[in-house]
Structures are given as C-alpha cells and as structure tokens.
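Every chain is numbered from 1, with letters handed out A, B, ... down the list of sequences.
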There are 2 protein chains.
Amino acid sequence: MAYKATTLNTISNQIDTILPLPSLEKELLLSHLQRMEVAKGKLIISAGKIGHHVYFIEEGLARAFCENQRGQTTIWFGQEGDVMLSYLSFFKDKPGYESIELLENAVLYRISSKDLRELYRQHIHIANWGRKFAEYELLKAEQRFMDLQFKTATERYHDLLVNSPAILKRVQLGYIASYLGITQVSLSRIRSALK
Amino acid sequence: MAYKATTLNTISNQIDTILPLPSLEKELLLSHLQRMEVAKGKLIISAGKIGHHVYFIEEGLARAFCENQRGQTTIWFGQEGDVMLSYLSFFKDKPGYESIELLENAVLYRISSKDLRELYRQHIHIANWGRKFAEYELLKAEQRFMDLQFKTATERYHDLLVNSPAILKRVQLGYIASYLGITQVSLSRIRSALK
DNA sequence: GCCTTTTTTTAACAAATGATAAAAAATTAA
DNA sequence: TTAATTTTTTATCATTTGTTAAAAAAAGGC
C-alpha cells in the first residue's frame, strides 16, 4: 500500500519548500493548478516537442530520457516533491531534448507555462518564487555536472546508494546504469566488485 | 591592441541582454555596480570561501577551476559579456566548489550579493531579471551536462572550435583539455588525428 | 640574437569502459 | 506451478583514455 499522504508532501508544501509565499499569492498560484491522476507508462513530455506545462509530483515516480545511438539514456528521476518540466520549453518556448514518462501510477498537479509566466509578470512574490526555483534547479544541475566531471562511475553509484536509496529500490538497473553514464554491463561489474 | 569598446559590450547592454529593464530599475541596478580594473592573475573567487559579489566582465578573460587529485581542472571560461559568480555562494551563502582567476587584465563591474538580493526583494522587474539570469545559466548548465553525457571528447573539442574559437585562441591547451574533461595528452592525440 | 622556461607533442604501457554474446536469475502471465 | 519474458550477471575481446617520461616546439626574458 502506498503511504498515507500527510501535509508533508502536499502540493501546498511543495510550493513552500521552494520559497514560502504569502497566503494571497499562494492561493492564486494554487488556483491555477490542475490535479491529474495519471497511469504508469504515460508520456508526460515528448522530446522534440514544446511542453506547455510544468508538473508537480505529489505521488509517483518518473524518468526523463533521451534517444540516442545506443537507445535510450535516462538523465533524471523524479519522485514525490519534484518538479517535472523541460527547461528549454518553459524558459524559451523551444522543443526540449528529453521525454518524460511515468514509471508508476501518479498524482500530478500542473500549471500552463502561459499562466505561470503571467503570474511572474504580475506578482513580485511569485517572481521571486520562480527565481528561487530556477536557482535551486541550477544548483542541482551544477552538482550533477561536477559529479560527472570529477567522480568515477563507482563513486556515483555509491552516492546513489547513500543519497537516493528509494530510487534504487523503485527502478530497474538498466535505467540506473544509463543515468550514471555507463552501460548496464559496467554497472553490474561495479556492483559485483562491492560485494 | 584590444578592440575599441562599443555600445555592444557595455555593462548596460549586458544587463539588457538578460532581460531589458525599465529605465528606473536599470539606473537603480547600475548605481549599485562598482567598476574595477583588475590585473591578470588576480583570484576573484576562492574555492571553499563564500563569494560576496557578482561580477560582470566588460573586458578580459577568466577561468573557474577546481583543485583535485590531478591538480587543477578548469570548469568554465568567461569573457566579455559573461557573469562571474559562485552559484553556491550567491544562491545559498555557502562556500563554492571553484576558484576564479583572471587570465588577462580585465575591466569588471561588481555588485554585492546583499545589495542584489535587496533589489530582488523590492523591485519586480529586477526580480524577473534575476529569474531570467538563473534560467539562462540553467540552460547553459544543462547544455554542458548533455555534452558531457552524450558527446565524445573529440566532438566536444570540435564544438569548441566552431562555437568558441576566441577561447581557443586566448587560452593554453592544458586548460582546454581539463575543460573538456580529458588529459592534455589525450587532447593532443585528438588534435593530431584531425590533421 | 641567445638562453631559459613553459607549452605541446609523441611514445609505450596500464587501466577502465564498451560491445557482444551467452548464462543465470527474477518476474510476469497463463 | 509452469512456461515465457524480462532483467541481471558473467565472460571475452576491442577501444578509449590515463600515466609517465622524453622530445620537440613555442614563448618570454635578458
């Protein structure tokens, strides 16, 4: 059974985690969100197409992946509390690199890019909330880049074990391997060396 | 001789490139900027320390680098029009991963983190300017990550040749190699294979 | 110019990862 | 449960990149 939803992972708390909003702006932002229950396997965002919404994950698991010569490479996992979007689509109205699919049945909230941009334009608290959102995503991207540049695949796997055990439990190893930037065979070698 | 400064690379135009500001907010932001002439070799930001300013490069060239087992690895080059900062320091008041040093004599403009945050808090246009800044930096970081994940060192070198020939002319190959995530010996092999 | 120092290239060998194929284990469906 | 399918591991060999050392080329100082 899925764990009982508490106030800790409600959409309202997700918003406050980025930057607490005054009640007026909070209600305004919430009023533009649309709740969706989506089945496992559904493609939320398609590579090469412009995504017109930003999604908040209240429950469920998703992955972003790119198609390339060797098939699909997973570049991101998202779970409860994460925000799901194509940066290129939302920031520049351009087609994104990646597709995003649900790996489990999910409860999502979405807002259209158009609505969110209008809220940014009119309300300074929401503009600063959007700035904080971009800044935190940038810190995550920087961390990700540094890991890829400076750590070995073995270290990155170990980091996942320590920092994101939930992902490892919920996802098959082929996806993990491509997320780490190595082949599944290589990941299998790393795992057997750890025993 | 350095090229003559035109309106194209003034600090004022750098700001508008991120997001054009109304004249009131533009003047306000400019009034907080301090002009500096800095000599080649100067360390602007130090790894492990909190950087308290954000810098705009009007003239000159800089690199960010990290110390690690193999010495220094260059992770970024900045030239005319680029903004220079530690993300961790400015966004979270934490010590950053990287040091930034000037590779040429430079003309910089700087603003304190404190002042810029206060402008974000009070002026919606500046808040949205700051949001756009973070969004564009995030797109650059995403591009960088994708390149490292999906392209070979040879392809990354070729991209530099095509997209940033100025950097290649101004910087020694050892820095370029570490920026590409390979050794200088490897870069030399790549270069000789292209002939 | 010439000498010193720094940068770049080349060579030889080691280590890590990729590609492919096949075996083993786990999962799913009837 | 059994059979089919999917996932994971193991093995072999090729390729790429790293390490170290030395030679060649370029840059800087006197």
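At whole-Å resolution of the value, OH in B:Tyr175 and C1' in C:dT6 are 11 Å apart. Between the CG atom of A:Leu103 and the C1' atom of D:dT7 there is a distance of 15 Å, given to the nearest Å. Rounded to an integer number of Å, the gap from NZ of B:Lys169 to C1' of D:dA26 is 19 Å. Between B:Ile182 atom CD1 and D:dT16 atom P the separation is 13 Å, expressed in whole Å. One can place CG of A:Leu187 at 15 Å from C1' of C:dA16, the figure rounded to the nearest angstrom. To the nearest angstrom, P of C:dT20 lies 15 Å from CD of A:Gln184. Separating the CD atom of B:Gln149 from the C1' atom of C:dT17 is a distance of 14 Å, rounded to the nearest angstrom. Taking atom CD1 of B:Ile190 as the reference point, atom C1' of C:dT8 lies 14 Å away to the nearest angstrom.
A sub-4.0 Å separation between OP1 or OP2 of C:dT9 and a side-chain N or O of B:Arg191 is present. Regarding contacts with the backbone of C:dG18, a side-chain N or O of A:Thr183 is found under 4.0 angstrom from either OP1 or OP2. In this structure, B:Thr152 does not reach the D:dT16 phosphate: none of its side-chain N or O atoms is under 4.0 Å from OP1 or OP2. Side-chain N/O atoms of B:Ser188 include one lying less than 4.0 angstrom from OP1 or OP2 on C:dT9. Within the 4.0 Å cut-off from OP1 or OP2 of C:dT17, not a single side-chain nitrogen or oxygen of A:Ser186 is found.
In this structure, the nucleotide among C:dG18, D:dT17, C:dT10 sitting nearest to the side chain of B:Ala153 is D:dT17. The side chain of A:Leu173 sits closest to D:dT8 out of D:dT8, D:dT10, C:dG18. Closest to the side chain of A:Val185, from the set C:dT7, C:dG18, C:dA21, is C:dA21. Counting only heavy atoms from C-beta on, A:Arg189 has its side chain closest to C:dA19 among D:dT17, C:dA19, D:dT8.
Comment: A:Glu80 engages A:Arg170 in a salt bridge, judged by a side-chain N to carboxylate O separation of less than 4.0 angstrom.
Ring geometry for A:His53 versus A:Tyr55: interplanar angle of 30 to 60°, hence tilted.
Cation-pi geometry between A:Lys132 and A:Tyr136 is met: under 6.0 angstrom from the ring centre, within 45 degrees of the axis.
The side-chain contact (heavy atoms from CB on, under 4.5 Å) test with A:Asp82 is passed by exactly one of A:Phe77, A:Trp76, A:Phe56: A:Trp76.
Linking ILVMFWY residues whenever their side-chain heavy atoms come closer than 4.5 Å, directly or via other members, leaves A:Phe65 and A:Val38 in distinct clusters.
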